[in-house]
A.B. asks: 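One structure follows; several queries about it will come next.
First the proteins, then the strands, lettered A, B, ... as listed; each starts at 1. In what follows, every heavy atom counts, from backbone to side chain, and hydrogens, waters and symmetry copies are set aside.
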4 protein chains.
Amino acid sequence: MSPRTPSQLEVIRQQKIRLIYDVALELFATHGYASTSVSMIARRAGISKGLMYNYFESKEELLRRIVMGGFQQFLGLLKVENERNVKKEEIINFIDENIRLLKRDYNYYKMYFSLTFQPEVFNLLKEEVMQYFMGVMNILVSYYAKRGVPSPLVKARFLFAVFDGIAVHYISDVESFPLDESRDLLIELL
Amino acid sequence: MSPRTPSQLEVIRQQKIRLIYDVALELFATHGYASTSVSMIARRAGISKGLMYNYFESKEELLRRIVMGGFQQFLGLLKVENERNVKKEEIINFIDENIRLLKRDYNYYKMYFSLTFQPEVFNLLKEEVMQYFMGVMNILVSYYAKRGVPSPLVKARFLFAVFDGIAVHYISDVESFPLDESRDLLIELL
Amino acid sequence: MSPRTPSQLEVIRQQKIRLIYDVALELFATHGYASTSVSMIARRAGISKGLMYNYFESKEELLRRIVMGGFQQFLGLLKVENERNVKKEEIINFIDENIRLLKRDYNYYKMYFSLTFQPEVFNLLKEEVMQYFMGVMNILVSYYAKRGVPSPLVKARFLFAVFDGIAVHYISDVESFPLDESRDLLIELL
Amino acid sequence: MSPRTPSQLEVIRQQKIRLIYDVALELFATHGYASTSVSMIARRAGISKGLMYNYFESKEELLRRIVMGGFQQFLGLLKVENERNVKKEEIINFIDENIRLLKRDYNYYKMYFSLTFQPEVFNLLKEEVMQYFMGVMNILVSYYAKRGVPSPLVKARFLFAVFDGIAVHYISDVESFPLDESRDLLIELL
DNA sequence: AATGAATGAGTCTTCATTCAT
DNA sequence: AATGAATGAAGACTCATTCAT
């Protein structure tokens, strides 16, 4: 019998990668990175430990790929029409997109916040996080500066913190946290 | 040297317990619970691993005692004169006390938040967390209800989330997060 | 394309076997048998791991075949015209042939000596090694006995040891070991 | 009960270190470094795997300590009264001391030679080996130069190779290799 | 003839915990 | 009260080998 074609193999590989990726994301989110063993990931994915290493160089690389993969989405949200003149609708839209991702990629947020508090691991991601952080700050500061707010930087950091507070409370209690209402209250703060 | 009296021994015991407690808190905060080994704690405290087990049943119990110990302080902040008629000054005072603890017990907060994202560990504390959470909510809901706010529960949860957002951003960037200004903006939201 | 004829297939087979054989020899020599993985061999040979198992039953069999293959050459050097009357020229010729092989099949020697010090692996080859060893000894002992040397066996073993000493130092430092001069000094010892 | 005194502990530690050291040396010598697992060492030493790591940072450090420990002896043999005027007796004495060590520390030699052929591992020791090699060469070259030998360097390298050849054949066949007679033949070469 | 995804036993290493002293 | 040697289960990772295609 002839070997599988390259495209067949590629399909198999992508499926497996996706599978491992999803399982790992969920486990990292619920148990934390350090407390999630490669064995757990393999068991939950229904594969052998060895196979994970066919697709990911190490547990750490798996984490990095997951975090970076998710980050792309967030970086994508940062676009504004004119950096010098950020419109309120753009901010609102940015918030709403974030809320949408928060609902959809609930696990990703959970994992992301949990990493925030594990300095050793977090250092792996520092650069990207900084990039995103600066992107958000630029937009917000520009927005408040244009409107003559006395301390645009303070206001910007406050707003960012408020958003993350909402996110943290939401992912800690998805069932009953009033996310949409909180979003409205957040918009009022702009 | 004459043998020590029982009370002297008790003093020594308490000092050692405090020492272990402090060292462990700092390490849990900076490295995370899972990444802090008992050996590290013993080494940093200048004692043997065995001694730690004289005072604490296990690493997990050590964590539990640390978290619980810190919690007492927060529960102490919940007092209001009249539950039915919460005054604005009381809320402000409550916030300020929290800010004070946030500055002082920075490590505790850091550790606490990191646990928030590790359900297994967090479950150990669920009851106490719930108790505190309900206490805060009662006060805030009562406050807003009295003032005729349409959705006091929503407003209360929002406010709580905002506070935690500030806390999270502060402990992630103690150097430059504008904590006091954020406190003022928070007060304005009341 | 028309299907290949059986003999064409056989040529392909032989080429692949040779390829694997050569790559493996080099890797075994430079990294050691235990530290050379089948994956490395396959990658360097530009084939799949599976294919290697089409031609060689196992990594161990691959080693055995390599060692045995090389051995044939040495056994071929053992011929003398008359076992009872070994001439000096024949010994010199034998030494020179060995030197020639040492230069040419440098990797083989390197691998061979490294195996010498791993009894488990070496046991696989014991019989052949013994056969060669006895062949060399027979010739040398006969040579020295005929010349009335008091302890021909001792002299023979010494000479063999000297040759291997030269070989070992040569393969440990190909760049600067004075192989040809050492050969001359060795001849003087005869 | 009071804890063991520091000196009691030191005795325990030294015994265990010695035990692990000896077992590891023997196993490295007979199976090779790569093929000797930490489990094997622990099993043969009658201890747990974990304990090995109380005394040695890693398998590699264990190897390094063993090799370096043995090396001290060899470096100790290099002393000559006057580097400019090396006496024949000194060379003979040096050879005899080496022969003595070869007999006594048979395993060490075996391990040493096996490492010689595992480049990855050998690199760890390169510096020390070089130091020893240069020491030996200095003495031999000086010896031959003083005596007006045409190519003292060649003669020195040859002699060194001869000694190692004897060593290699001896450790490959302790039972019947004529070590003492070979020593005499070696002396004749001086 | 040829592929490489997949496995699982085995590797080195760490660490919470126990226990004799 | 105090020590640290000792354990063993578990962790991340590797690799010879198999097998469906």
Side-chain angles (χ1 to χ4, degrees), chain A residues 1-6 8-10 12-13 15-16 34-42 46-60 62, chain B residues 3-4 9-10 12-13 16 34-42 47-60 62, chain C residues 3-4 8-10 12-13 16 34-43 47-60 62, chain D residues 1-6 8-10 12-13 15-16 34-42 46-60 62:
Chain A
M1 269 166 271
S2 48
R4 277 167 280 214
T5 65
Q8 282 175 316
L9 288 172
E10 191 54 25
I12 290 175
R13 272 212 300 277
Q15 284 174 341
K16 281 288 146 84
S35 300
T36 300
S37 72
V38 172
S39 298
M40 282 168 66
I41 298 171
I47 60 167
S48 68
K49 267 180 295 178
L51 190 58
M52 202 216 81
Y53 288 91
N54 262 6
Y55 296 117
F56 299 91
E57 263 182 13
S58 64
K59 187 186 163 188
E60 190 178 302
L62 173 56
Chain B
R4 277 167 284 215
L9 286 174
E10 187 53 25
I12 292 176
R13 279 181 63 89
K16 288 283 173 179
S35 299
T36 300
S37 71
V38 171
S39 296
M40 281 168 68
I41 297 171
I47 60 163
S48 69
K49 272 183 293 180
L51 190 57
M52 205 215 81
Y53 283 89
N54 263 1
Y55 296 120
F56 299 90
E57 255 181 19
S58 66
K59 186 186 168 189
E60 193 179 298
L62 172 56
Chain C
R4 277 166 283 215
Q8 283 176 317
L9 286 175
E10 188 53 25
I12 291 176
R13 277 183 64 88
K16 289 284 173 178
S35 301
T36 300
S37 71
V38 172
S39 296
M40 281 168 69
I41 298 170
R43 202 179 316 122
I47 59 162
S48 69
K49 273 182 293 180
L51 189 57
M52 204 215 81
Y53 283 89
N54 263 3
Y55 296 120
F56 300 90
E57 254 181 20
S58 64
K59 186 185 167 188
E60 192 178 298
L62 172 56
Chain D
M1 269 168 274
S2 47
R4 278 168 279 214
T5 65
Q8 283 176 317
L9 288 172
E10 190 55 25
I12 291 176
R13 272 210 302 276
Q15 284 174 342
K16 280 289 145 80
S35 300
T36 299
S37 71
V38 172
S39 298
M40 282 167 67
I41 298 171
I47 60 167
S48 68
K49 265 181 295 178
L51 190 58
M52 202 216 82
Y53 287 90
N54 261 6
Y55 297 117
F56 299 91
E57 262 181 15
S58 65
K59 186 185 166 189
E60 191 178 303
L62 173 56

A.B. asks: Base, sugar-phosphate or nothing for Ser35(B)? Non-hydrogen atoms, less than 4.0 Å.
C.D. replies: nothing
A.B. asks: Check the distance between dT3(E)'s C1' and Glu10(A)'s CD and give it to me in whole angstrom.
C.D. replies: 15 Å
A.B. asks: What contact category does Leu51(A) fall into here, base, sugar-phosphate, or nothing, at under 4.0 angstrom with non-hydrogen atoms?
C.D. replies: base
A.B. asks: Describe the nucleic acid contact of Tyr55(D) in one word from base, sugar-phosphate, nothing, applying a heavy-atom distance below 4.0 Å.
C.D. replies: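 If one applies the 4.0 Å heavy-atom cut-off, Tyr55(D) turns out to touch the sugar-phosphate alone, with no base involved.
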A.B. asks: With the side chain of Ser48(A) defined as its heavy atoms from C-beta on, choose the nearest nucleotide among dG8(E), dA2(F), dG11(F).
C.D. replies: dG8(E)
A.B. asks: Let me confirm one number: the NZ-CE distance from Lys49(A) to Met40(A), rounded to the nearest 0.5 Å.
C.D. replies: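 Atom-to-atom, Lys49(A):NZ and Met40(A):CE are 13.5 Å apart.
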A.B. asks: For Ile41(B) and dT14(E), what is the distance between atoms CD1 and P respectively, to the nearest whole Å?
C.D. replies: 18 Å
A.B. asks: Return whichever of Gln8(D) or Ser39(B) has its heavy-atom-nearest nucleotide of DNA chain E closer to the 5' end.
C.D. replies: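 Result: Ser39(B).
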A.B. asks: Base, sugar-phosphate alone, or nothing: which one does Leu9(D) contact when heavy atoms must sit under 4.0 Å apart?
C.D. replies: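 Sugar-phosphate, backbone atoms only, no base.
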A.B. asks: Which nucleotide sits closest to the side chain of Arg4(A): dT3(F), dA6(F), dA5(E)?
C.D. replies: dA5(E)
A.B. asks: Quick one: which of dA6(F), dA12(F), dT3(F) gets closest to the side chain of Asn54(D)?
C.D. replies: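 Nucleotide nearest to Asn54(D)'s side chain: dA6(F).
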A.B. asks: Reading DNA chain E from 5' onward, which residue's closest nucleotide shows up sooner: Glu60(D) or Ile12(A)?
C.D. replies: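 Whichever sits nearer the 5' end wins; that is Ile12(A).
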A.B. asks: Which is true for Ser58(B) with a 4.0 Å heavy-atom rule: it touches a base, it touches only sugar-phosphate, or it touches nothing?
C.D. replies: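 Sugar-phosphate, no base atom in range.
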A.B. asks: Checking base pairs now: Watson-Crick or wobble, both atom distances under 3.5 Å. What partners dA10(F)?
C.D. replies: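 Base-paired to dT13(E).
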A.B. asks: Should dA1(E) form a Watson-Crick or G-U wobble pair with both distances under 3.5 Å, which nucleotide is its partner?
C.D. replies: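 Matched dA1(E) with nothing under the 3.5 Å cut-off.
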A.B. asks: Rounded to whole angstroms, how far apart are CG on Leu62(B) and P on dT17(E)?
C.D. replies: 10 Å
A.B. asks: Check this one for me: any side-chain N or O of Arg13(D) less than 4.0 Å away from OP1 or OP2 of dA5(F)?
C.D. replies: yes
A.B. asks: Round to a whole Å and report the spacing from CD1 of Ile47(B) to P of dT17(E).
C.D. replies: 14 Å
A.B. asks: Take atom CZ of Phe56(C) and atom C1' of dA1(E), then tell me their distance rounded to the nearest Å.
C.D. replies: 15 Å
A.B. asks: Mind calculating the distance between CE (Met40(C)) and P (dT17(F)) to the nearest angstrom?
C.D. replies: 16 Å
A.B. asks: At what distance, to the nearest 0.5 angstrom, does CZ of Arg43(C) lie from OG of Ser48(C)?
C.D. replies: 13.0 Å
A.B. asks: Would you tell me if any nitrogen or oxygen in the side chain of Tyr53(D) comes within less than 4.0 Å of OP1 or OP2 on dT14(E)?
C.D. replies: no
A.B. asks: Round to a whole Å and report the spacing from CD of Glu57(B) to C1' of dT17(E).
C.D. replies: 12 Å
A.B. asks: Are Asn54(D) and Lys16(D) side-chain neighbours, meaning at least one heavy-atom pair lies under 4.5 Å?
C.D. replies: no
A.B. asks: Want to settle it: does Met52(A) or Gly50(B) sit nearer the 5' end of DNA chain F, counting the closest nucleotide to each?
C.D. replies: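 Its nearest nucleotide lies further toward 5', so the answer is Gly50(B).
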A.B. asks: Measuring only between side-chain heavy atoms, which start at C-beta, is Leu62(B) closer than 4.5 Å to Val38(B)?
C.D. replies: no
A.B. asks: Identify the two heavy atoms, one from Met52(D) and one from Lys59(D), that lie closest to each other, and give their separation to 0.1 Å.
C.D. replies: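 It is CE-N, 4.2 Å.
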A.B. asks: Please tell me if Ser37(A) has a side-chain N or O lying less than 4.0 Å from either OP1 or OP2 of dG11(F).
C.D. replies: yes
A.B. asks: Across the strands shown, which category fits Lys16(A) at heavy-atom distances under 4.0 angstrom: base, sugar-phosphate, nothing?
C.D. replies: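 Answer is sugar-phosphate: Lys16(A) comes under 4.0 Å of backbone atoms only.
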A.B. asks: Atom CZ of Arg13(D) and atom CD of Gln8(D): how far apart are they, to the nearest 0.5 Å?
C.D. replies: 12.0 Å
A.B. asks: Under 4.0 Å between any heavy atoms, over every strand shown, what does Lys49(B) touch: base, sugar-phosphate, or nothing? Just pick one.
C.D. replies: base
